[in-house]
2 protein chains.
Amino acid sequence: MMVPMARAATTSDVFNAIAEPQRREILVLLRAGERPVTELAQELGMTQPGASKHLRVLREVGLVRDRKAGKQRLYGLDARGLRPVHEWTGGFEQFWNESFDRLDAYVQDLKQTQQEE
Amino acid sequence: MMVPMARAATTSDVFNAIAEPQRREILVLLRAGERPVTELAQELGMTQPGASKHLRVLREVGLVRDRKAGKQRLYGLDARGLRPVHEWTGGFEQFWNESFDRLDAYVQDLKQTQQEE
DNA sequence: CCATCATATGCCGATATCGGCATGCGTCAA
DNA sequence: TTGACGCATGCCGATATCGGCATATGATGG
């Protein structure tokens, strides 16, 4: 009985976490320092439960840390997880510098071959 | 009649496109040059329709180009769209270099305050 | 024109996602 | 202890997503 596999367990990785615009906004805000949930929600114009849910995702992939501060819970940035994303995209740096007006790797190979003759 | 808003129209942006592991694999493969759909599907161990669907997403966000080559359709990389992702993550570079052993921005602020007294 | 190859698309089922809401739970202050 | 505050969680509805499959579409060659 083949049970259909609906979705690759893509959840819980950093690429997925930052695919959400609001979560990216949260991370940007946290660069300025720790903040409680309510403040984040307010600054980003979302509800408190909404903020909490996004923070949960970010926490599960390790992009934020939380610590209790009395009645509040302060969320802080842990950007180390963004480094792999930076490096992965960096692996394409030489490609976005190429002129793509109408060319591509294949065509450029042809061009080079002609020059060598 | 408030119709519930289910999901932010996050589709069709680059962050979302590269959130899928298989799509990232496709991009990596295409660094070596253009390839037809079937070849990509084969190299990545996925079905042809599966490859076509992922390629469609990548094309819609501009990360790949396609051109007809006789009976085939060659897909090629257009990595320019990855640059914003690289730069966005780069905005956190100073943060992933900090020591997070047990510290965070807030605690560091406190430390500095003490030193100044 | 027809058969064939290459690719795209449509449909389906299972599940993940997101927002809104209500509510639970812990902490602090009076 | 009780009320108020801060936050997390659970439930729901709507929708997006992904894989598998069948099939449509398109181009090529005979």
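No experiment lies behind these values; they were computed from the predicted model shown. Residue numbers start from 1 in every chain, and the chains themselves are labelled A, B, ... in the order their sequence lines are given, proteins ahead of strands.
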- Which pair of non-hydrogen atoms, one from Leu63(A) and one from Ala17(A), has the smallest distance, and what is that distance? CD1-CB, 4.4 Å
- Item | Separation of atom CZ in Arg23(B) from atom P in dG19(D), rounded to whole Å | 8 Å
- Message: Expressed as a whole number of angstroms, how long is the span from Leu44(A):CG to dG19(C):C1'?
- Response: 15 Å
- Query: What does Gln48(B) touch in the nucleic acid at a heavy-atom separation under 4.0 angstrom: a base, only the sugar-phosphate, or nothing?
  - Reply: base
- Query: Between Gly50(A) and Lys71(A), which has a closest nucleotide on DNA chain C that is more 5'?
  - Reply: Gly50(A)
- Message: Quick check on dC28(C): is either OP1 or OP2 less than 4.0 Å from any side-chain nitrogen or oxygen of Gln72(A)?
- Response: no
- When you look at CD of Gln42(A), are more than 12 heavy atoms from neighbouring residues, nucleotides or ligands closer to it than 6.0 Å? no
- Task: Provide, to the nearest angstrom, the distance between the CG atom belonging to Asp66(A) and the P atom belonging to dG26(C).
- Result: 16 Å
- Message: Check the phosphate of dT27(C) against Arg73(A), side-chain N and O only, distance under 4.0 Å to OP1 or OP2. Yes or no?
- Response: no
- Task: For Ser52(A), answer base if it contacts any base atom (sugar-phosphate contacts may also be present), sugar-phosphate if it contacts only those atoms, and nothing otherwise; contact means non-hydrogen atoms under 4.0 Å.
- Result: base
- Query: Can you tell me if Ser52(A) and Gln48(A) form a side-chain donor-acceptor pair at under 3.5 Å?
  - Reply: yes
- Task: Quickly work out the Leu40(A) CG to dC7(D) P distance and round it to whole Å.
- Result: 9 Å
- Sugar-phosphate only, base, or nothing, as touched by Pro36(A) at under 4.0 Å among non-hydrogen atoms: sugar-phosphate
- Item | Residue Pro49(A), side-chain atoms from C-beta onward, closest of dG20(C), dG20(D), dA22(C) | dA22(C)
- Given atom CD1 of Ile26(B) and atom P of dC18(D), what is their separation to the nearest angstrom? 11 Å
- Note on the structure: When every non-hydrogen atom of Leu29(B) is compared with those of Glu43(B), the smallest separation belongs to CD2-OE1, 3.7 Å
- Item | Nearest-Å distance for atom pair CD/P, residues Glu60(B) and dA16(D) | 13 Å
- Query: Once you round it to whole Å, what is the distance between P of dT27(C) and CZ of Arg67(A)?
  - Reply: 16 Å
- Can you tell me if the side-chain N/O atoms of Arg56(A) get under 4.0 Å from OP1 or OP2 in dT9(D)? yes
- Item | Parallel, tilted or perpendicular, as decided by the 30° and 60° cut-offs, for the rings of Trp88(A) and Phe15(A) | perpendicular
- Message: Can you tell me which nucleotide in dA8(C), dG20(D), dA27(D) comes closest to the side chain of Lys68(B)?
- Response: dA27(D)
- Query: Between His54(A) and dG19(C), does any side-chain N or O lie under 4.0 Å from OP1 or OP2?
  - Reply: yes
- May I ask you to verify if any side-chain N or O of Asn16(B) is less than 4.0 angstrom from the OP1 or OP2 atom of dA16(D)? no
- Task: Starting at atom CG of Leu58(A), determine the distance to atom C1' of dC18(C), rounded to an integer number of angstrom.
- Result: 14 Å
- Note on the structure: From the list Val64(A), Ile18(A), Val57(A), side chain to side chain contact (heavy atoms under 4.5 Å, CB included) partner of Arg23(A) resolves to Val57(A)
- Task: Scan Lys53(A) against the nucleic acid and name what it touches under 4.0 Å (heavy atoms): base, sugar-phosphate only, or nothing.
- Result: base
- Taking for Arg35(A) and for Thr47(B) the nucleotide of DNA chain D with the nearest heavy atom, the one nearer the 5' end belongs to Arg35(A)
- Message: Any side-chain N or O of Thr38(A) below 4.0 angstrom from OP1/OP2 of dC5(D)?
- Response: no
- Query: When you check the phosphate oxygens OP1 and OP2 of dA8(D), does a side-chain N or O of Tyr75(A) lie under 4.0 Å from one of them?
  - Reply: yes
